[in-house]
There are 2 protein chains.
Amino acid sequence: MQRRQESPDAVKIRTLPVQVAAHLTRRIVSGDVEDGRAPSELDISQEFGVSRVVARETLKILASLDVVDVAQGRRVVVRPRAEWDYLSPLLIEWLPAEIVGELLQELHQTRVLLEPELAAMAALSITDETLERLGDEIDRMSALEADPDAYLEVDHEFHMEICRAADNRILDRIMYSARWLGTASRRITNEAPAALRKATADHAEIYEALVARDPEGARAAMRKHLRNNSTLLAEKEQRTERAARRR
Amino acid sequence: MQRRQESPDAVKIRTLPVQVAAHLTRRIVSGDVEDGRAPSELDISQEFGVSRVVARETLKILASLDVVDVAQGRRVVVRPRAEWDYLSPLLIEWLPAEIVGELLQELHQTRVLLEPELAAMAALSITDETLERLGDEIDRMSALEADPDAYLEVDHEFHMEICRAADNRILDRIMYSARWLGTASRRITNEAPAALRKATADHAEIYEALVARDPEGARAAMRKHLRNNSTLLAEKEQRTERAARRR
DNA sequence: GAGAATCAACTTGTCATATAAGCTGATGAC
DNA sequence: GTCATCAGCTTATATGACAAGTTGATTCTC
């Protein structure tokens, strides 16, 4: 639901600082930047041929992602990778495919922990209007099985609607980030269009449990749904591994 | 563990943009800024008597918190509050106590969902070194029951250690943010120093289950621990409500 | 020589001004 | 009325200057 204004995968012209931040992050990840010492504003402006203003904003962006620490007088330092903000779509986008793959797995694990409980909570507090919207979305999804992109859009909305029913801004934020990142890898499910029918059935089951205000049922249905997704992810993983071995 | 360099509650001199961003956020929350239209760079630089560079960075900070949207040519717009990044300690700090109270509740709910499962996962994959560190921390905590501040520091480390054992960067990030925010409200537990002894007992129980590599036991122990915390939080809530009624 | 005070060089923070580039709404042609 | 145009607003970037904080070497003191 959020950031819908950016949705249509437009070839977004990013600002200069974002582009430079992307390059710099890739260089850090690849190990070119040694020993935690990040380039200074001046270094950046010279190396990338941009003004100091841009170099400065670049560092500010990286600081907001907990990639670097910046303070007056001190040199900018690269923070330990374990502390970077991997919930940020921006950062994920700059990381190599290998790491993104790992993160997607960890992401899925997170969803497996949270979403069944969210469904159970929603079953207790969901309103009739929300149920109506969920019903609509199920209808729309079954009509969109031929168009995976549009399908996933509604799918995202369906899950977020359930999350929102739990009325918890923290969980909402987490799920939003988690699912946002997930859509970055939509190809995973796109490659298995037959699976969409299965997903539709799962969604219907979740919906029924919510209508019945049945927490246990909702939890179980959501768990089952995620288990199916997990199978898909594993299959995809195997496929890419085989592909890598062939190379 | 992260940001330890900022820990000692120092009267941190924040940069100008951060200060302005704080003021601006408070004004937005209080409803002074009407209809989603945020002040422009020029407005800010005039109203706050700062340069345009600072006004600009202010807006960039707010944008990174998903408080506003900024794009070239278009006026800056305030985003719906539901979409703000409530996982950011910076933002939380600027919100009125009333909202922070709500967020802390939602935060606790999130921990209740995640931490027992994290404990269970940790029981399966935890290393001997981690167990040793956990043991040390328990010892240190029982020695620090008279000093709630220091106690909570170790307490935080104890829980994060368990989280890290699950080896999931996403969950780690979430728990880090969640607990970071939690320490902002340390008074909640500080007011009940007797409760620290109870917490120590809880920690020991969790530790035993982890040593035994018993997922079910770890989950149950963590659940119990959080239930105790939850009672404390509710008590505190009642106290403040009574205090509010007296006013 | 060991330790403390000093300072120069470097770094980030802030300011001022100018120009480029993108959007919006009003104006005016047809 | 419809549509193209454009003036005026906004953000994006560049340049140059100075303030303020940090670091490490130098120097001074004992």
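For clarity, every value in this text was computed on a predicted model and none was experimentally measured. Every chain is numbered from 1 and lettered A, B, ... according to where its sequence line falls, protein lines coming before strand lines. Atom set for the values below is all heavy atoms of this structure, side chains included, hydrogens, waters and symmetry mates excluded.
Residues satisfying the side-chain contact (heavy atoms from CB on, under 4.5 Å) test with Ile44(A), not counting sequence neighbours, are Val20(A), Leu24(A), Pro39(A), Phe48(A), Ala55(A), Leu59(A). With sequence neighbours excluded, the residues that form a ring-ring contact (aromatic ring centres under 6.0 Å, His included) with Phe158(A) are His203(A).
Of the charged side-chain nitrogens involved, none lies within less than 4.0 Å of a carboxylate oxygen, so that Arg74(B) and Asp69(B) do not count as a salt-bridged pair. With respect to Arg173(A) and Glu83(B), no salt bridge is recorded, no charged nitrogen being found less than 4.0 Å from a carboxylate O.
Of the two residues contacting DNA chain D, namely Arg52(A) and Gly73(A), the nearest-nucleotide position lying further toward the 5' end is that of Arg52(A). Each of Pro17(B) and Arg75(A) was assigned the nucleotide of DNA chain C with the nearest heavy atom; the assignment lying further toward the 5' end belongs to Arg75(A).
Nucleotides of DNA chain C that come within less than 4.0 Å of any heavy atom of chain B span, from the 5' end to the 3' end, dT14(C) to dT24(C). Protein chain A contacts DNA chain D from dT13(D) to dT23(D), reading 5' to 3' and using non-hydrogen atoms of the protein with a distance under 4.0 Å.
Contact annotation for Val54(A): backbone-only contact, meaning every heavy-atom pair under 4.0 Å involves sugar-phosphate atoms and none involves a base.
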Throw together a table of side-chain donor-acceptor distances under 3.5 angstrom for residues 86-99 of chain B, partners on residues two or more places apart or in other chains.
{"unit_1": "Tyr86(B)", "atom_1": "OH", "unit_2": "Arg81(B)", "atom_2": "O", "d": "2.8"}
{"unit_1": "Ser88(B)", "atom_1": "OG", "unit_2": "Leu90(B)", "atom_2": "N", "d": "3.2"}
{"unit_1": "Ser88(B)", "atom_1": "OG", "unit_2": "Leu91(B)", "atom_2": "N", "d": "3.4"}
{"unit_1": "Glu93(B)", "atom_1": "OE2", "unit_2": "Arg14(B)", "atom_2": "NH1", "d": "2.7"}

Which atom pairs, one a donor and one an acceptor, fall under 3.5 Å between side chains of residues 130-140 of chain A and the rest of the protein, sequence neighbours left out?
{"unit_1": "Thr130(A)", "atom_1": "OG1", "unit_2": "Thr127(A)", "atom_2": "OG1", "d": "2.9"}
{"unit_1": "Arg133(A)", "atom_1": "NE", "unit_2": "Glu161(A)", "atom_2": "OE2", "d": "3.0"}
{"unit_1": "Arg133(A)", "atom_1": "NH2", "unit_2": "Glu161(A)", "atom_2": "OE2", "d": "3.2"}

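Panel note: side chain Asp172(B), backbone Arg169(B); no donor-acceptor pair is recorded below 3.5 Å.
Taking CD of Gln109(A) as the start and CG of Asp167(B) as the end, the distance is 8.5 Å to the nearest 0.5 Å.
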